[in-house]
Amino acid sequence: MVHWSAEEKQLISGVWAKVNVEECGAEALARLLIVYPWTQRFFSDFGNLSSPTAIVGNPKVRAHGKKVLTSFGEAIKNLDNLKGTYSKLSELHCDKLHVDPENFRLLGDILVIVLASHLGRDFSPVCQAAWQKLVGVVAHALAHKYH
Amino acid sequence: MLTAEDKKLIQQMWGKLGGAEEEIGAEALTRMFCSYPPTKTYFPHFDLSPGSDQVRGHGKKVVAALSTAIKNIDNLSQALSELSNLHAYNLRVDPPRFSLQFLSQCLQVALATRLGKDYSPEVHSAVDKFMSAVASVLAEKYR
């Protein structure tokens, strides 16, 4: 089980309180599809992904981004049981969606960059460290049920 | 592969930093040591406490190398040739696809905190590709 210090929990929830889940989620997913274009393979039914502008404006991308980041919110409420929280989603990503877990790491890093661009100097090194740990642990939990 | 547009975006972005480059170098290293503690194993001879002169100095070196790379973006292999030798034969930092990836992430976070919305998806993509290219060149002589 992952150990979270009181400081880490505070850094995580402090940042989360400032996050617009819909905006940041949409932005993070759009950037994943732009910066790592091969990830578009999982979204072939999303319509127009032909350019960064198209991706950023795509309503399915926005909606899915919001879904993904909303689930992060659940993780933050359940830091002491991430494997349990993500158990069903892990099975889904393996058995139905066939997503290589490496992509969870990529999305996590992108989310950290999105937070940095929104929070500026407030996103201190210790803040970043707590969030890098969180995205790493979430990625691990999502990969846990793979077989 | 870096397109002409990527190169333009990178040069423009670097130009927007207004002299903050050195600070950014130190900050990227500080963030890296904080988020990825194993990276500290390469600096047992450094004082890694906040505001350390050694970290500032090293950050400055790293950024100067990146500046050179950006100025010679059409020929990274040649521009970084000596650094490539240094990393392969002397420093032997863990294969760049691991450690440099951490430095790339932290550099991008440092840039994003300063540039905000100007660290657009297109700029983000170009910088990520650029840092990948730098890592590849530095790894060329490893074996």
Side-chain angles (χ1 to χ4, degrees), chain A residues 7-8 11-12 15 18 20 23-24 26-40 49 51-58 61-62 65 102 105-137, chain B residues 1-3 5-6 9-10 13 16 20 23-40 48-52 55 59 97-98 100-132:
Chain A
E7 195 199 355
E8 284 171 333
L11 287 166
I12 288 168
V15 165
K18 298 181 192 159
N20 176 323
E23 280 310 309
C24 283
E27 199 182 323
L29 186 63
R31 283 176 186 253
L32 181 75
L33 299 171
I34 292 166
V35 179
Y36 307 113
W38 56 88
T39 57
Q40 293 171 24
L49 299 177
S51 70
T53 311
I55 292 170
V56 166
N58 183 311
V61 171
R62 292 192 69 83
E102 172 65 10
R105 197 192 56 75
L106 292 180
L107 182 60
D109 276 355
I110 285 189
L111 176 61
V112 168
I113 289 175
V114 167
L115 292 175
S117 74
H118 282 254
L119 296 169
R121 303 310 207 115
D122 284 352
F123 199 63
S124 63
V126 286
C127 230
Q128 179 188 355
W131 275 82
Q132 294 287 172
K133 181 174 167 179
L134 176 63
V135 300
V137 171
Chain B
M1 256 191 50
L2 286 168
T3 63
E5 181 65 16
D6 288 330
L9 285 173
I10 291 164
M13 180 275 307
K16 275 197 193 136
E23 219 179 276
I24 287 173
E27 188 185 319
L29 287 175
T30 301
R31 285 181 180 276
M32 188 181 76
F33 296 140
C34 203
S35 281
Y36 307 104
T39 56
K40 294 193 288 188
L48 295 177
S49 57
S52 145
V55 172
R97 66 194 172 90
F98 295 129
L100 273 158
Q101 166 183 287
F102 297 146
L103 180 63
S104 170
Q105 172 73 358
C106 293
L107 176 70
Q108 292 196 56
V109 167
L111 290 170
T113 58
R114 276 175 180 69
L115 296 169
K117 275 211 283 269
D118 283 351
Y119 202 68
S120 67
E122 291 87 339
V123 171
H124 177 168
S125 177
V127 172
D128 199 84
K129 284 162 81 173
F130 170 71
M131 289 303 287
S132 253

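Sequence lines set the chain letters: A, B, ... in the order given, protein chains first and strands last, and positions in each chain run from 1.
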Does any heavy atom of chain B fall under 4.5 Å from the side chain of A/Q128, the backbone, both, or neither of them?
both
Report which part of B/F33 has an atom under 4.5 Å of a heavy atom belonging to chain A: side chain, backbone, both, or neither.
neither
Residue selection (most heavy-atom pairs with chain B, distance under 4.5 Å) from A/A30, A/P37, A/G120, A/P52
A/G120
Do A/E23 and B/K117 sit within salt-bridge range, that is, some charged N less than 4.0 Å from a carboxylate O?
no
Would you say A/F123 and B/R31 make side-chain contact, with heavy atoms under 4.5 Å?
yes
Portion of A/I113 that has a non-hydrogen atom of chain B nearer than 4.5 angstrom:
both
Which heavy-atom pair separates B/S125 from A/I34 by the least distance, and what is that distance?
OG-O, 3.9 Å
Kindly compute the distance separating OG (A/S117) from CD (B/Q108), expressed to the nearest 0.5 Å.
11.5 Å
Ranked by heavy-atom pairs below 4.5 Å to chain B, first place among A/D109, A/V112, A/I55 goes to A/D109
Nearest 0.5 Å, what's the NE2-CD distance between B/H124 and A/E27?
10.0 Å
Please identify, among A/A130, A/S124, A/G136, the residue contributing the most non-hydrogen atom pairs under 4.5 Å to chain B.
A/S124
Please find the pair of heavy atoms, one from A/A129 and one from B/S35, that lie closest to each other, and give the distance.
CA-OG, 3.1 Å
Which pair of heavy atoms, one from A/R31 and one from B/Y119, lies closest together, and at what distance?
NH2-O, 2.7 Å
